[in-house]
Amino acid sequence: MSEVTLNYGNILRPRLDGSEGVDPDRLAPGGELATRFATALRELRQREEAGELGFLELPDNETLSRQVLEVADSFGQWFENLVVVGIGGSSLGGRAVAEALLGPHWNEDSDEARDHFPRLYFLENADPDSTAALLDRLDLRRTLFNVVSKSGGTAETLAQFMVIEEALEAELGEEGVRGHLLFTTDPEEGALRALAREREIPALPVPPNVGGRFSVLSPVGLLPAAATGVDVEALLNGAREMRDRCLNPDLSRNPAGLLAVLLHAADTDLGRSVHVFMPYADRLRALALWYQQLWGESLGKRLPEGGREAGVGPTPLPALGAVDQHSLLQLLMEGPQDKVVVFLRVARRERPLAIPRTHQDKAALAYLGGHTLEELLDTELRATVEALRLEGRPSLTLEVEALDAHALGALFMLWQVTTVLAGSLYGVNPLNQPGVELGKGLTSGLLGREGIARPALEPDDGHWTA
Ligand code: PA5
């Protein structure tokens with residue numbers, strides 16, 4: 001069982017240079033941040049009681065997880081390929097699980113190395129190049145397509161589905177299509193649910209009170225996990241244990257509370273509105289993308305009473321250590337004082353990988369020999385944290401003991417609760433995304449959707465062409 005730790009000393013004033021950073025007294029009982037947190041937690045509890053925070057209940061929903069496992073089992077290991085078709089919250093969580101727990105070369109591994117579980121692909125963008133290329137290379141007779149859309153009405157996903165359906169039909173005939181489709185969607189509403197009923201296509205439910213970017217622990221993220229042999233129970237256990245910690249009214253013992261108040265204070269009090277999330281593990285690159293969507297789409301909002309100028313919210317920036325030390329770090333160290341970094345450290349690797357003691361006559365190589373790649377990465381992380389601190393630039397560091405399903409479940413839950421608390425601190429509703437609707441409406445109008453007026457787009461009157 002792996003634990004998660006949050007180190008936050010490097011965002012506090014005493015460890016920075018005295019003028020930057022959050023005054024720790026504000027976190028103490030009765031302090032301003034402790035009071036803000038108490039209000040945010042109270043609001044979270046109210047939303048929970050009103051049944052709005054379905055993601056909190058997912059770790060306890062045994063009926064749902066059993067259903068996922070049964071569906072995954074029913075396909076057995078017959079399919080060579082599983083393709084998840086979905087976008088945004090219907091893709092990123094599943095991708096984060098797969099990248100973290102299946103490792104980088106799952107699809108290249110032999111059947112034996114994958115224990116005969118299917119290869120796993122994500123078709124997220126309605127980009128014809130990637131869609132056509134994937135359909136060309138897969139044996140459709142051995143492929144299952146899991147079409148995921150909470151609303152059942154997302155243009156990109158439905159269009160991909162239509163393309164896939166036609167390709168399946170061409171390969172397998174009309175009768176053969178159904179056996180290669182699975183839907184994951186709202187239990188009652190939407191075009192996908194209607195189609196599932198009409199055609200008797202198997203369909204997993206996403207609880208109505210679980211929104212896209214909060215759905216990773218629902219069938220949206222669990223099905224691809226279960227179908228590839230991930231320990232779903234450990235994922236949910238990690239999430240459950242973390243949820244209970246994140247509901248603790250004592251701020252000093254609540255990691256989501258600390259993360260939320262400190263990141264919110266970094267933005268609103270210290271002017272640090274760019275929130276970098278930088279895991280030091282290749283396998284967590286997709287987790288950083290998942291965080292980007294969760295943090296950005298949940299918190300980037302217009303205040304309820306405000307006009308166009310009343311927009312709030314941090315700008316999330318996903319990064320990867322140590323790769324981005326050779327890309328973003330210069331900006332983080334010396335650029336505008338508008339950033340705070342949340343590092344993520346994995347304390348123990350599966351394979352530390354020793355660096356051999358070769359080239360002892362060359363100083364540039366000799367000092368590396370005898371260490372491990374794990375040590376090198378970890379030392380780089382510690383050095384980067386310290387370098388930022390010496391420049392008076394704040395950071396926080398999350399740590400997991402090991403990168404396993406339990407820890408990953410805990411990280412998902414931690415960020416989700418943090419996001420809801422941060423929503424209260426910013427004074428916005430973290431569960432909706434009204435700003436996305438305008439673009440969606442214009443797209444469907446332009447493509448001629450019935451009942452939606454075709455908009456006249458303002459021509460761009462400034463352009464250059466060679
Ligand atoms: O978080 C959200 O709600 C969105 O990012 C959705 O996940 C995304 O728009 C896809 O929506 P749907 O799952 O309804 O197809």
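Ligands are counted one by one from 1 in listed order, and the atoms in each one are counted from 1 as well.
In this structure, K301 contributes its side chain and N432 its backbone to a donor-acceptor pair below 3.5 Å.
Between G211 and ligand 1, no N or O atom pair is found at a separation short of 3.5 Å. Considering both main-chain and side-chain atoms, T157 never comes within under 3.5 Å of ligand 1 through any nitrogen or oxygen pair.
The protein heavy-atom contact nearest to atom 14 (O) of ligand 1 is S151 OG, 2.6 Å. Of the protein's non-hydrogen atoms, the one nearest atom 9 (O) of ligand 1 is K440 NZ, 4.0 Å. When only non-hydrogen protein atoms are considered, atom 13 (O) of ligand 1 lies nearest to S90 OG, 2.6 Å. For atom 6 (C) of ligand 1, the nearest non-hydrogen atom of the protein is G89 N, 3.9 Å. Of all protein heavy atoms, the one lying nearest to atom 2 (C) of ligand 1 is E297 OE2, 3.3 Å. What sits closest to atom 15 (O) of ligand 1 on the protein, heavy atoms only, is T154 OG1, 2.5 Å. Nearest protein heavy-atom neighbour of atom 5 (O) of ligand 1: Q293 NE2, 2.5 Å.
In this structure, F277 has its ring center at least 6.0 angstrom away from the ring center of W295.
Atoms of ligand 1 found under 4.0 Å from any heavy atom of R213 (numbered from 1 in listed order, with element): 1 (O), 2 (C), 3 (O). Of all the atoms in ligand 1, the ones that sit under 4.0 Å from a non-hydrogen atom of Q433 are 3 (O). Ligand 1 places these atoms under 4.0 Å from at least one heavy atom of I87: 7 (O), 8 (C), 10 (C).
Comment: E174 does not engage R199 in a salt bridge, judged by the lack of any side-chain N to carboxylate O separation of less than 4.0 angstrom. Ion pairing between a basic and an acidic side chain is recognised when a charged N comes within 4.0 Å of a carboxylate O; R193 and E188 show no such pairing.
Residues satisfying the side chain to side chain contact (heavy atoms under 4.5 Å, CB included) test with S273, not counting sequence neighbours, are D267. Under the ring-ring contact (aromatic ring centres under 6.0 Å, His included) criterion, F145 pairs with no residue, sequence neighbours left out.
In this structure, the side chains of W290 and L411 stay at 4.5 Å or more apart for every pair of heavy atoms.
W78 carries R142 over the face of its six-membered ring, with the cationic atom under 6.0 Å from the centre and within 45° of the normal.
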